[in-house]
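Some notes on the structure that comes next.
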There are 2 protein chains.
Amino acid sequence: MTFEKLADTLKALADPTRLKIISLLRIRDCCVCELVPIFNISQPAISKHLSRLKTAELVRETRKGQWVFYSLNEKRLAETGLALSHLPDLSEHLKKLEEQGLLVTCE
Amino acid sequence: MTFEKLADTLKALADPTRLKIISLLRIRDCCVCELVPIFNISQPAISKHLSRLKTAELVRETRKGQWVFYSLNEKRLAETGLALSHLPDLSEHLKKLEEQGLLVTCE
DNA sequence: TTCATACATAACAATATGGTTATATGGTGA
DNA sequence: TCACCATATAACCATATTGTTATGTATGAA
(Lines give C-alpha, C1' and ligand atoms only; values in the text may rest on other atoms or scores of the structure.)
Protein backbone atom coordinates (compact mmCIF):
# COMPACT_ATOMS: atom_id res chain seq x y z
CA MET A 1 0.00 0.00 0.00
CA THR A 2 1.47 3.38 -1.01
CA PHE A 3 1.70 6.27 1.43
CA GLU A 4 -0.89 8.17 -0.63
CA LYS A 5 -3.39 5.32 -0.67
CA LEU A 6 -2.94 4.66 3.04
CA ALA A 7 -3.34 8.37 3.80
CA ASP A 8 -6.62 8.40 1.82
CA THR A 9 -7.95 5.44 3.78
CA LEU A 10 -6.89 6.98 7.09
CA LYS A 11 -8.65 10.23 6.09
CA ALA A 12 -11.82 8.23 5.52
CA LEU A 13 -11.44 6.82 9.04
CA ALA A 14 -10.39 10.06 10.73
CA ASP A 15 -13.83 11.30 11.76
CA PRO A 16 -15.77 10.43 14.94
CA THR A 17 -19.06 9.94 13.09
CA ARG A 18 -17.51 7.57 10.58
CA LEU A 19 -15.71 5.63 13.32
CA LYS A 20 -19.02 5.23 15.15
CA ILE A 21 -20.71 4.07 11.95
CA ILE A 22 -17.98 1.45 11.55
CA SER A 23 -18.42 0.35 15.16
CA LEU A 24 -22.17 -0.03 14.57
CA LEU A 25 -21.66 -1.96 11.34
CA ARG A 26 -19.44 -4.35 13.28
CA ILE A 27 -22.56 -5.38 15.23
CA ARG A 28 -24.74 -5.77 12.15
CA ASP A 29 -25.54 -4.29 8.75
CA CYS A 30 -27.53 -1.06 8.93
CA CYS A 31 -29.50 1.01 6.46
CA VAL A 32 -29.24 4.78 6.29
CA CYS A 33 -32.52 5.46 8.08
CA GLU A 34 -31.32 3.45 11.08
CA LEU A 35 -28.12 5.44 11.35
CA VAL A 36 -29.75 8.89 11.06
CA PRO A 37 -31.47 8.98 14.51
CA ILE A 38 -28.24 7.93 16.25
CA PHE A 39 -26.34 11.03 15.15
CA ASN A 40 -27.46 14.62 15.45
CA ILE A 41 -26.92 15.28 11.76
CA SER A 42 -29.10 15.21 8.67
CA GLN A 43 -29.77 12.25 6.39
CA PRO A 44 -27.67 13.74 3.54
CA ALA A 45 -24.76 14.12 5.97
CA ILE A 46 -25.00 10.41 6.86
CA SER A 47 -25.21 9.54 3.16
CA LYS A 48 -22.05 11.49 2.48
CA HIS A 49 -20.18 9.79 5.32
CA LEU A 50 -21.23 6.40 3.96
CA SER A 51 -20.22 7.42 0.47
CA ARG A 52 -16.78 8.40 1.79
CA LEU A 53 -16.41 5.03 3.53
CA LYS A 54 -17.55 3.25 0.37
CA THR A 55 -15.00 5.08 -1.79
CA ALA A 56 -12.32 3.92 0.66
CA GLU A 57 -13.71 0.38 0.30
CA LEU A 58 -14.29 0.24 4.05
CA VAL A 59 -17.99 -0.56 3.60
CA ARG A 60 -20.18 -2.15 0.92
CA GLU A 61 -23.77 -1.36 0.04
CA THR A 62 -26.64 -3.69 -0.84
CA ARG A 63 -30.06 -2.53 -1.86
CA LYS A 64 -32.93 -4.43 -0.27
CA GLY A 65 -36.18 -3.05 -1.60
CA GLN A 66 -36.49 0.58 -0.51
CA TRP A 67 -33.50 0.35 1.79
CA VAL A 68 -29.80 0.42 1.14
CA PHE A 69 -27.93 -1.64 3.71
CA TYR A 70 -24.31 -0.99 4.45
CA SER A 71 -21.92 -3.68 5.68
CA LEU A 72 -18.41 -3.44 7.03
CA ASN A 73 -15.42 -4.61 4.99
CA GLU A 74 -13.61 -6.10 7.99
CA LYS A 75 -10.65 -7.19 5.88
CA ARG A 76 -10.01 -3.66 4.62
CA LEU A 77 -10.25 -2.24 8.13
CA ALA A 78 -7.85 -4.82 9.58
CA GLU A 79 -5.44 -4.24 6.67
CA THR A 80 -5.39 -0.52 7.40
CA GLY A 81 -4.61 -1.02 11.07
CA LEU A 82 -1.80 -3.40 10.19
CA ALA A 83 -0.43 -1.06 7.51
CA LEU A 84 0.55 1.41 10.24
CA SER A 85 3.05 -1.16 11.53
CA HIS A 86 4.28 -2.01 8.04
CA LEU A 87 4.82 1.30 6.26
CA PRO A 88 6.82 1.23 3.00
CA ASP A 89 10.54 1.31 3.70
CA LEU A 90 12.42 4.55 3.00
CA SER A 91 15.95 3.36 3.74
CA GLU A 92 17.16 4.27 0.23
CA HIS A 93 16.05 7.85 0.77
CA LEU A 94 18.31 8.06 3.78
CA LYS A 95 21.12 6.43 1.79
CA LYS A 96 20.78 9.04 -0.95
CA LEU A 97 20.96 11.79 1.64
CA GLU A 98 24.09 10.20 3.05
CA GLU A 99 25.68 10.19 -0.41
CA GLN A 100 24.79 13.86 -0.80
CA GLY A 101 26.29 14.64 2.59
CA LEU A 102 22.96 15.94 3.87
CA LEU A 103 22.86 13.89 7.02
CA VAL A 104 23.62 15.56 10.31
CA THR A 105 25.77 13.90 12.93
CA CYS A 106 26.11 15.82 16.13
CA GLU A 107 26.35 13.25 18.90
CA MET B 1 -9.75 5.59 23.59
CA THR B 2 -12.80 7.68 22.65
CA PHE B 3 -13.96 8.02 19.06
CA GLU B 4 -12.99 11.71 19.13
CA LYS B 5 -9.48 11.08 20.41
CA LEU B 6 -8.91 8.26 17.94
CA ALA B 7 -10.21 10.41 15.09
CA ASP B 8 -7.73 13.16 16.07
CA THR B 9 -4.84 10.72 16.05
CA LEU B 10 -5.91 9.27 12.70
CA LYS B 11 -6.13 12.80 11.29
CA ALA B 12 -2.54 13.34 12.38
CA LEU B 13 -1.58 10.18 10.49
CA ALA B 14 -3.77 10.79 7.43
CA ASP B 15 -1.21 12.63 5.30
CA PRO B 16 1.41 11.10 2.95
CA THR B 17 4.16 13.46 4.12
CA ARG B 18 3.55 12.66 7.79
CA LEU B 19 3.39 8.92 7.08
CA LYS B 20 6.74 9.16 5.28
CA ILE B 21 8.21 11.10 8.20
CA ILE B 22 7.05 8.34 10.53
CA SER B 23 8.56 5.70 8.26
CA LEU B 24 11.89 7.58 8.30
CA LEU B 25 11.82 7.98 12.07
CA ARG B 26 11.38 4.24 12.32
CA ILE B 27 14.89 3.90 10.84
CA ARG B 28 16.42 6.50 13.13
CA ASP B 29 15.83 9.85 14.82
CA CYS B 30 16.02 12.81 12.43
CA CYS B 31 16.33 16.55 12.79
CA VAL B 32 14.27 19.00 10.74
CA CYS B 33 17.10 19.95 8.36
CA GLU B 34 17.51 16.29 7.38
CA LEU B 35 13.85 15.90 6.56
CA VAL B 36 13.53 19.07 4.47
CA PRO B 37 15.54 17.92 1.39
CA ILE B 38 13.57 14.67 1.21
CA PHE B 39 10.27 16.41 0.60
CA ASN B 40 9.51 19.10 -1.97
CA ILE B 41 8.13 21.45 0.63
CA SER B 42 9.51 24.29 2.73
CA GLN B 43 11.15 24.03 6.15
CA PRO B 44 8.16 25.66 7.88
CA ALA B 45 5.88 23.09 6.27
CA ILE B 46 8.01 20.26 7.70
CA SER B 47 8.00 21.99 11.10
CA LYS B 48 4.23 22.16 11.03
CA HIS B 49 3.91 18.48 10.14
CA LEU B 50 6.21 17.58 13.03
CA SER B 51 4.25 19.83 15.36
CA ARG B 52 1.04 18.04 14.32
CA LEU B 53 2.62 14.65 15.02
CA LYS B 54 3.92 15.90 18.36
CA THR B 55 0.48 17.15 19.42
CA ALA B 56 -0.87 13.68 18.64
CA GLU B 57 1.98 12.25 20.78
CA LEU B 58 3.19 10.22 17.81
CA VAL B 59 6.68 11.74 18.00
CA ARG B 60 8.86 13.34 20.67
CA GLU B 61 11.43 16.08 20.26
CA THR B 62 14.87 16.45 21.82
CA ARG B 63 17.09 19.47 21.30
CA LYS B 64 20.75 18.65 20.70
CA GLY B 65 22.68 21.88 20.35
CA GLN B 66 21.46 23.70 17.27
CA TRP B 67 19.36 20.79 16.16
CA VAL B 68 16.00 19.47 17.26
CA PHE B 69 15.79 15.71 16.80
CA TYR B 70 12.46 13.97 16.47
CA SER B 71 11.91 10.37 17.51
CA LEU B 72 8.99 8.04 16.91
CA ASN B 73 6.64 7.07 19.73
CA GLU B 74 6.30 3.47 18.56
CA LYS B 75 3.92 2.58 21.36
CA ARG B 76 1.44 5.30 20.39
CA LEU B 77 1.57 4.26 16.74
CA ALA B 78 0.98 0.59 17.53
CA GLU B 79 -1.85 1.53 19.90
CA THR B 80 -3.55 3.50 17.14
CA GLY B 81 -3.37 0.63 14.67
CA LEU B 82 -4.81 -1.74 17.25
CA ALA B 83 -7.56 0.71 18.22
CA LEU B 84 -9.12 0.24 14.77
CA SER B 85 -9.83 -3.38 15.68
CA HIS B 86 -11.09 -2.48 19.16
CA LEU B 87 -13.44 0.46 18.70
CA PRO B 88 -15.71 1.36 21.64
CA ASP B 89 -18.83 -0.80 21.65
CA LEU B 90 -22.13 0.82 20.62
CA SER B 91 -24.47 -2.11 21.33
CA GLU B 92 -26.52 -0.03 23.81
CA HIS B 93 -27.20 2.53 21.08
CA LEU B 94 -28.73 -0.18 18.94
CA LYS B 95 -30.72 -1.43 21.94
CA LYS B 96 -32.15 2.03 22.55
CA LEU B 97 -33.17 2.25 18.90
CA GLU B 98 -34.86 -1.11 19.20
CA GLU B 99 -36.83 0.11 22.24
CA GLN B 100 -37.86 3.20 20.27
CA GLY B 101 -38.97 1.03 17.35
CA LEU B 102 -36.50 2.72 15.02
CA LEU B 103 -34.91 -0.42 13.68
CA VAL B 104 -35.77 -1.63 10.21
CA THR B 105 -36.36 -5.27 9.45
CA CYS B 106 -37.03 -6.08 5.83
CA GLU B 107 -35.65 -9.55 5.22
C1' DT C 1 28.79 41.34 20.74
C1' DT C 2 27.79 39.91 16.27
C1' DC C 3 26.80 36.78 12.68
C1' DA C 4 25.21 32.34 10.88
C1' DT C 5 22.45 28.31 11.34
C1' DA C 6 18.35 25.60 12.84
C1' DC C 7 13.88 25.80 13.92
C1' DA C 8 9.27 27.89 15.08
C1' DT C 9 5.63 31.14 14.40
C1' DA C 10 2.69 34.61 11.89
C1' DA C 11 -0.01 35.99 8.16
C1' DC C 12 -1.91 34.68 4.15
C1' DA C 13 -4.08 31.86 0.06
C1' DA C 14 -6.08 27.76 -2.20
C1' DT C 15 -8.39 23.66 -1.47
C1' DA C 16 -10.69 20.08 1.42
C1' DT C 17 -14.02 18.87 4.90
C1' DG C 18 -18.40 18.49 7.07
C1' DG C 19 -22.47 20.42 7.84
C1' DT C 20 -26.99 22.63 5.98
C1' DT C 21 -31.47 22.90 2.90
C1' DA C 22 -33.60 21.91 -1.47
C1' DT C 23 -34.25 18.75 -4.99
C1' DA C 24 -33.69 14.52 -7.83
C1' DT C 25 -33.88 9.43 -8.18
C1' DG C 26 -35.55 4.84 -7.49
C1' DG C 27 -38.48 1.35 -5.45
C1' DT C 28 -43.33 0.15 -3.10
C1' DG C 29 -47.88 -0.08 -3.01
C1' DA C 30 -52.78 1.87 -3.54
C1' DT D 1 -50.44 6.14 -12.76
C1' DC D 2 -49.66 8.49 -8.51
C1' DA D 3 -48.22 9.26 -3.91
C1' DC D 4 -44.91 7.96 -0.57
C1' DC D 5 -40.72 6.53 1.39
C1' DA D 6 -35.56 5.89 1.49
C1' DT D 7 -31.57 7.51 -0.35
C1' DA D 8 -28.44 10.36 -3.25
C1' DT D 9 -27.01 14.61 -5.26
C1' DA D 10 -26.59 19.77 -5.81
C1' DA D 11 -25.63 24.16 -4.16
C1' DC D 12 -24.05 26.51 -0.58
C1' DC D 13 -21.50 28.00 3.85
C1' DA D 14 -18.12 27.87 7.78
C1' DT D 15 -14.07 25.95 9.23
C1' DA D 16 -9.87 23.05 8.76
C1' DT D 17 -5.92 21.69 6.17
C1' DT D 18 -1.66 22.42 3.78
C1' DG D 19 1.12 24.97 1.49
C1' DT D 20 3.61 29.66 0.86
C1' DT D 21 6.79 33.82 2.31
C1' DA D 22 8.37 36.79 5.94
C1' DT D 23 9.91 37.16 10.46
C1' DG D 24 11.13 35.84 15.29
C1' DT D 25 13.91 32.98 18.59
C1' DA D 26 17.60 30.05 20.31
C1' DT D 27 22.07 28.02 19.93
C1' DG D 28 27.04 28.03 18.51
C1' DA D 29 31.11 30.19 16.96
C1' DA D 30 34.15 34.21 15.55
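So you know, we letter chains A, B, ... as the sequences are listed, proteins then strands, and number each from 1. On a predicted model such as this, the values are computed, not experimentally measured, just so you know.
- A salt bridge is defined here as a Lys NZ or Arg NE, NH1 or NH2 lying under 4.0 Å from an Asp or Glu carboxylate O, and A:E92 with A:K95 fails to meet this definition.
- Residues A:S51 and A:Q66 both approach DNA chain D. Their nearest nucleotides, taken by heavy-atom distance, put A:Q66 toward the 5′ side.
- Distance CD1/B:I22 to CD1/B:I27: 13.0 Å, rounded to 0.5 Å.
- Atom-to-atom, CG of B:D8 to P of C:dG18 comes out at 12 Å; the value is rounded to the nearest Å.
- In this structure, B:I21 places its CD1 atom 14 Å from C1' of C:dC7, rounding to the nearest Å.
- In the set C:dT20, C:dT17, D:dA8, C:dT20 carries the atom at the smallest distance from any side-chain atom of A:A45.
- Between A:L53 atom CG and C:dG18 atom P the separation is 10 Å, expressed in whole Å.
- D:dT9 atom C1' lies 17 Å from atom CZ of A:R52, rounded to whole Å.
- Neither OP1 nor OP2 of D:dA6 sits under 4.0 Å from any side-chain N or O of A:Y70.
- Relative to the side chain of A:W67, the nucleotides D:dT20, D:dT7, C:dA6 differ in distance, and D:dT7 lies closest.
- In this structure, of D:dG19, C:dA8, D:dT18, it is D:dG19 that holds the atom nearest to the side chain of B:H49.
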Intermediate values then yes/no, side chain to side chain contact (heavy atoms under 4.5 Å, CB included), B:I38 and B:K20: CA-CA 10 Å; B:I38 299 178; B:K20 285 173 196 165; over 6 Å; no
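- Separating the CD1 atom of A:I46 from the P atom of C:dG19 is a distance of 8 Å, rounded to the nearest angstrom.
- Distance, B:F69 CZ to C:dC7 P: 8 Å, rounded to whole Å.
- As a whole-Å value, the separation of A:K48 NZ from D:dA11 P is 12 Å.
- Among the protein residues, A:K11 comes within range of the sugar-phosphate backbone only, with heavy atoms under 4.0 Å from sugar or phosphate atoms but none that close to a base.
- Annotation for A:L72 and A:R60: closest pair O-NH1, 4.3 Å, computed over non-hydrogen atoms.
- Using a 4.0 Å cut-off, some side-chain N or O of B:S42 falls inside it from OP1 or OP2 of D:dT20.
- Atom C1' of nucleotide C:dG18 and atom CZ of A:R18 are separated by 8 Å, given to the nearest angstrom.
- A donor N or O paired with an acceptor N or O is found under 3.5 Å between the base of D:dA8 and the side-chain atoms of A:Q43.
- Of all nucleotides listed (D:dT21, D:dT7, C:dT20), D:dT21 comes nearest to the side chain of B:P44.
- Among the nucleotides C:dG19, D:dA8, D:dT18, the one closest to the side chain of A:I41 is C:dG19.
- In this structure, the separation between CG on A:D15 and CG on B:L10 is 10.5 Å, given to the nearest 0.5 Å.
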